[in-house]
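Have a look at the structure below, then the notes.
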Amino acid sequence: MPIFLHDTMSRELRPLLLKPSRDVFGMYCCGPTVYGPAHIGNFRTFILQDVLRRTLEVGGMQVKHVRNITDVDDKTIRGSQAAGQTLATFTASWTKKFHEDCQALGLLAPHVEPSAVAHIPQQIAMIEALVKRGHAYVAKDGSVYFKVCSCADYGKLSHLDRSKLATQTTNSAGEANDADEYDRESAADFALWKSWKPEDGENRWASPWGDGRPGWHIECSAMSLQHLGATFDLHGGGVDLCFPHHENEIAQTECSTGVKGFAAHWFHSAHLLVDGDKMSKSKGNLYTLEQLTSKGFTPMEVRYALISGHYRTPLNFTLHGVENARSALTKLERWTERLLATAGFSQAEFAAPLVHETQTAWGRFAPAWETLQSDLNIPGCLGQIFTVVGEKDSLTPEQARQDVVGLAKLLHALGLQLFTAKATTSIPPEVAELAAQRWAAKQTKNFAQADQLRQALTQAGWTMLDRKDGYDLKPN
RNA sequence: GGCGCGGUAGCCAAGUGGUAAGGCCGGGCUCUGCAAAAGCCCCAUGCGUCGGUUCAAUUCCGACCCGCGCCUCCA
């Protein structure tokens, strides 16, 4: 059974299938602009794309996942200047940080991760083609604009009827939409090439229209064309990119290549709210992964929290939600430990790719897999998983093995790793000493002293968890 | 105004034309010197409001109310 996914352009649930002539599923996702740490809202989108890719792969499809790095635009240029670094140095450091966060969150690296700066010639070539075909014009200052009125079906993705649109006086960044100021023929036209300005500093590239830099939208068109071709299977991004970014990508690529059908499927993920509000710097509610891990949460717990809502529904992120995720993951881990024991699998075997890639069994997790394939219903899938967890069972080892394989594949699709080390907080020596003393007191059945020491530990902010053969310490 | 998403238990969140998955929290029990952990059990006559269709609607249709997003460079 193929995966069915809602498509933004047709607004229908459509199956994701390989085209008859192809053996690889090509997906392009708009990546981060590397001018600072990505926030968890960015990561919700990237994680959802990651789950989609993993689900396709678990379903037996070969995927080519391309996700770009935007390393030249107003924000990166300003950021590098403020940091006193070259653009390349500045963006390289934030790209590195992004990769570290991605790895911590269990995101598979895309097969290709092209950078905008590394594709300047391809962008220029595409702009030249657009000018040649009458879809773009050169302004007096050497900037090049896309002529929106030359593209008859412009707006087909976002279903915006341009003729009925009152032109906004400002854009969502609060900047004026003034056609004259930018030397555009129409306010709807957008920049393909931006001529050099003094504030751009050293950041200039030669072009047939003079020095300058590429516009934002053209990079994705050029890079998807380069790495996936004029048409490919799926294009993803946050809902906010639907218009104008993706609309412009379609126009640029289809008008420059003359081939319709840029992306066969559009996958847009809803935004993340924080405590019920839109995230924004001014509200101070922008979480980064680092801020959450410093609060003691593991990246896996954050990942779980971020996939706990359906991708087309805005998700309200709260600290309580991550705590919820932690409890749920712990429950799943404890249950899985028992399942593995029954099946005779080790935790290492459970995590090994062999278990999920080479076996076809789903055991009792078949319904969970069905649910995941139905419009990437992750919360429904998680519910199905826990339904199995809650079932009364007395399994034979063979039945348990089927369940292990099914669960391993599901968790691989979701990108959830169990049995990863918890965030460890170093134990102060004095706390360790108190704990050792209490354990000794308990062994000699000096319970009064043991209780006293427990109290002292509590005051020091630690809880002592007794086992049969020892103890653990956890911060309160 | 246009387009889109959503309103389901204290919180989060699926789903279906036949009378509500799951997680968290909470409560009870078991176990353990204590405490925790863990396990077991319980927890919506109800799915924004009002109509309509139907033997039957939370699920379909209509209207309305409320929240949110986008409408030119924000994932």
Side-chain angles (χ1 to χ4, degrees), chain A residues 8 11 29-33 38-49 70 73-75 148 155 158-162 164-168 170-173 175 177 184 187-191 194 215-217 236-245 247-248 268-273 276-280 304-305 308-310 312-316 318 320-321 323-332 334-335 337-338 367-368 371 374 377-390 392 442 445-448 450-451 454-455 457-458 463-468 471-472 474:
Chain A
T8 310
R11 296 179 179 173
C29 300
C30 293
T33 302
H39 56 69
I40 53 168
N42 298 314
F43 282 119
R44 160 136 127 131
T45 295
F46 298 138
I47 289 171
L48 287 169
Q49 291 160 350
T70 296
D73 78 324
D74 288 347
K75 289 192 287 278
V148 167
S158 48
H159 305 96
L160 291 174
D161 185 347
R162 298 213 55 79
K164 288 182 184 167
L165 275 183
T167 301
Q168 307 275 301
T170 58
N171 64 29
S172 54
E175 296 158 348
N177 285 326
R184 283 179 290 181
D189 295 349
F190 55 91
K194 296 183 170 189
W216 175 42
H217 313 297
V239 274
D240 52 301
L241 295 185
C242 187
F243 185 88
H245 184 59
E247 200 70 71
N248 292 351
H268 287 109
S269 36
H271 272 175
L272 194 68
L273 303 173
D277 271 327
K278 182 177 179 176
M279 278 193 300
S280 69
Y304 189 103
S308 63
H310 187 84
R312 279 192 283 131
T313 305
L315 177 70
N316 185 21
T318 60
H320 178 72
E323 286 162 12
N324 186 329
R326 162 175 293 177
S327 301
L329 277 168
T330 302
K331 181 175 182 170
L332 187 56
R334 295 291 85 78
W335 184 84
E337 277 175 0
R338 279 176 273 136
T371 302
S374 170
N377 187 346
I378 299 171
C381 174
L382 289 170
Q384 297 279 9
I385 289 173
F386 279 100
T387 299
V388 175
V389 168
K392 286 196 168 103
K442 181 182 166 176
K445 300 205 185 295
N446 187 348
F447 296 128
D451 288 349
R454 175 180 287 287
Q455 208 167 20
L457 279 165
T458 304
T463 301
M464 193 162 168
L465 306 178
D466 294 2
R467 298 191 313 266
K468 281 217 162 31
Y471 57 88
D472 293 314
K474 91 175 166 79

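By convention in this document, chain letters (A, B, ...) are assigned in the order of the sequence lines, proteins followed by strands, and residues within each chain are numbered from 1. All of these numbers come straight from a predicted model, not from anything done at the bench.
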Subject >> Distance test, side-chain N/O of A/Thr318 to OP1/OP2 of B/C12, below 4.0 Å >> reply: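 Indeed not, no polar side-chain atom of A/Thr318 lies that close.
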
Does the [X] side chain pair with the main chain of [Y], one donor and one acceptor, at a distance under 3.5 Å?
| X | Y | value |
| --- | --- | --- |
| A/Arg44 | A/Gly238 | no |
| A/Asp466 | A/Tyr471 | no |
| A/Glu247 | A/Ser158 | yes |

Given the [atom1] atoms of [N] and [M], what is the spacing between them in whole Å?
| N | M | atom1 | result |
| --- | --- | --- | --- |
| B/C11 | B/C47 | P | 15 Å |
| B/U59 | B/U8 | P | 14 Å |
| B/A20 | B/G46 | C1' | 8 Å |
| B/C65 | B/G26 | C1' | 33 Å |
| B/A37 | B/G28 | P | 14 Å |
| B/U53 | B/U58 | C1' | 16 Å |
| B/G1 | B/A14 | C1' | 35 Å |
| B/A21 | B/C55 | C1' | 27 Å |

Original post:
Near A/Glu337 CD, under 6.0 Å, is it more than 12 heavy atoms from other residues, nucleotides or ligands?
Top reply: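 Yes, the 6.0 Å shell around CD holds more than 12 heavy atoms from other groups.
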
Measure from [atom1] on [X] to [atom2] on [N] and round the result to the nearest Å.
| X | N | atom1 | atom2 | result |
| --- | --- | --- | --- | --- |
| A/His320 | B/G26 | NE2 | C1' | 11 Å |
| A/Tyr471 | B/A38 | OH | P | 21 Å |
| A/Arg334 | B/G39 | CZ | P | 8 Å |
| A/Asn377 | B/A14 | CG | P | 7 Å |
| A/His271 | B/C68 | NE2 | C1' | 12 Å |
| A/Arg338 | B/A37 | CZ | P | 15 Å |
| A/Leu329 | B/G22 | CG | P | 18 Å |
| A/Trp335 | B/A37 | CH2 | C1' | 20 Å |

Options [options], nucleotide nearest the side-chain atoms of [X]:
| X | options | result |
| --- | --- | --- |
| A/Lys75 | B/A75, B/C74, B/G23 | B/C74 |
| A/Phe386 | B/G23, B/A75, B/A14 | B/G23 |
| A/Asn42 | B/A75, B/A14, B/G23 | B/A75 |
| A/Thr330 | B/G6, B/A38, B/A75 | B/A38 |
| A/Phe243 | B/C71, B/A75, B/G6 | B/C71 |
| A/Lys331 | B/A75, B/G39, B/G23 | B/G23 |
| A/Arg11 | B/G39, B/C11, B/C3 | B/C3 |

Any [X] side-chain heavy atom under 4.5 Å of [Y] side chain:
| X | Y | value |
| --- | --- | --- |
| A/Trp216 | A/Asp74 | no |
| A/Leu241 | A/Cys30 | yes |
| A/Thr8 | A/Val239 | no |
| A/Phe243 | A/His245 | no |

Subject >> Gap separating the CG atom of A/Leu315 from the CD1 atom of A/Ile40, nearest 0.5 angstrom >> reply: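 Rounded to the nearest 0.5 Å, the CG-CD1 separation comes to 8.5 Å.
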
Original post:
What distance do A/Gln384 atom CD and A/Thr371 atom OG1 have between them, rounded to the nearest 0.5 Å?
Top reply: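 Separation between the atoms: 4.0 Å.
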
Subject >> RNA chain B: 5'-proximal contact among A/Val389 and A/Pro314 (nearest heavy atom) >> reply: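 On the 5' side of the pair lies A/Pro314.
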
Subject >> Residue closer to the 5' end of RNA chain B, A/Thr387 versus A/Gly380 (nearest nucleotide) >> reply: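 That would be A/Gly380.
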
Just checking [X]: base, sugar-phosphate only, or nothing, at a heavy-atom cut-off of under 4.0 Å?
| X | value |
| --- | --- |
| A/Gly238 | sugar-phosphate |
| A/Leu272 | base |
| A/Gly237 | sugar-phosphate |
| A/His310 | sugar-phosphate |
| A/Lys392 | sugar-phosphate |

**OP:** Under the side chain to side chain contact (heavy atoms under 4.5 Å, CB included) rule, what do A/Leu382 and A/Tyr304 come out as? Steps first, then yes or no, please.
**Re:** CA-CA 10 Å; A/Leu382 289 170; A/Tyr304 189 103; 3.9 Å; yes

Original post:
Could you go step by step and tell me if A/Arg326 and A/Glu323 meet the salt bridge (charged side-chain N to carboxylate O under 4.0 Å, His left out) rule?
Top reply: CA-CA 5 Å; A/Arg326 162 175 293 177; A/Glu323 286 162 12; over 6 Å; no

**OP:** Quick one: stems involving RNA chain B, counted as three or more successive Watson-Crick or G-U pairs, both distances short of 3.5 Å.
**Re:**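 Ordered by first number, the stems with RNA chain B (at least 3 consecutive pairs each) read B:1-7 with B:65-71, B:10-12 with B:22-24, B:26-30 with B:38-42, B:48-52 with B:60-64.
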
Polar pairs (N or O, both sides) under 3.5 Å between protein and nucleotides 29-33 of chain B?
from	atom 1	to	atom 2	distance (Å)
B/G33	O6	A/Arg438	NH2	2.7
B/G33	N1	A/Asp451	OD1	2.8
B/G33	N2	A/Asp451	OD1	2.8
B/G33	N2	A/Asp451	OD2	2.5

